[in-house]
Amino acid sequence: MAPSTFGKFAGDLIAPDELSGKVYAIALDGTSQVIATPDLAHGGDVGVEAAGFIPDLDLANATIYLADRATPGNPHPGTDNLLALDGAELARAGVARGDLLLGTEGGAGLVAVRCDLTTCRVTSIIADNGISHGEGHIVVAMGAPSTAFRPAPAAVRTSASPIPATLLFGLVAAGLIVVLTIALAVTARRRRVVA
């Protein structure tokens with residue numbers, strides 16, 4: 001659900017469509033609209049898989065995590081590690097509390113979306129690295145990454161990136177589909193109650 005800082009879409013369910021690349025806001029009355037179409041790869045096993053809002057915390061002292069699942073035989077085979085990005089890097093790129101982060105399944109590309117009362121703006125953060133297989137939620141947590149994480153393979157560490165970023169790896173489990181299913185069930189129940 002979008003936080004109160006997410007402009008006219010505050011309180012809406014935000015749902016990326018992996019196939020089309022579009023990002024939707026679904027209001028409590030069940031209506032929806034496209035709020036952004038980031039310049040990211042899209043399609044099955046490629047498009048936006050992960051989403052998460054930056055919570056109300058000191059981003060410069062936080063770490064952003066995304067699971068990189070090993071998927072043998074996939075064009076993006078993954079590493080079974082955890083991608084970790086220093087929050088200070090995001091802050092330097094202009095990302096702030098309340099912004100939406102979106103990560104692709106194929107290559108773990110990352111963008112930030114900020115909405116106000118009239119428009120939504122997309123900022124590119126990390127380009128698709130060609131190897132990672134992003135899965136689950138994007139998680140933002142206080143503190144530096146654990147030193148127990150294994151270093152990224154060289155091909156991932158040297159991936160093209162619009163901003164300098166330190167990537168470390170380990171495991172995070174989650175599923176955006178669970179959140180979407182629950183939110184849609186709540187919306188459907190509210191419609192039945194209203195009707």
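The ring-ring contact (aromatic ring centres under 6.0 Å, His included) test applied to Y24 returns no partner, not counting sequence neighbours. When the side-chain hydrogen bond (donor to acceptor under 3.5 Å, both in side chains) test is applied to R121, no partner is found at least two apart in sequence or on another chain. The side-chain hydrogen bond (donor to acceptor under 3.5 Å, both in side chains) check on T118 picks up D116, with sequence neighbours excluded. Take D58 and apply the side-chain hydrogen bond (donor to acceptor under 3.5 Å, both in side chains) test, not counting sequence neighbours, and it matches N61. Every side chain to side chain contact (heavy atoms under 4.5 Å, CB included) that A141 has, sequence neighbours left out, goes to Y65. With sequence neighbours excluded, the residues forming a ring-ring contact (aromatic ring centres under 6.0 Å, His included) with F6 are F53, listed by chain and number.
Within the structure, no pair that satisfies the salt bridge (Lys or Arg N to Asp or Glu O under 4.0 Å) test touches residues 30-40, not counting sequence neighbours. The disulfide bond (SG atoms under 2.5 Å apart) analysis of residues 23-69, with sequence neighbours excluded, yields no pairs. Sorted by first and then second residue, the disulfide bond (SG atoms under 2.5 Å apart) pairs involving residues 8-94 (not counting sequence neighbours) form an empty list. For residues 2-17, every residue pair satisfying the side chain to side chain donor-acceptor pair (under 3.5 Å) rule, not counting sequence neighbours, is listed here: D17-S20. Every pair passing disulfide bond (SG atoms under 2.5 Å apart) that includes a residue from residues 22-140 is listed here, sequence neighbours excluded: C115-C120.
As a member of the Ile/Leu/Val/Met/Phe/Trp/Tyr network built from side-chain separations under 4.5 Å, V46 groups with nothing else and remains a singleton.
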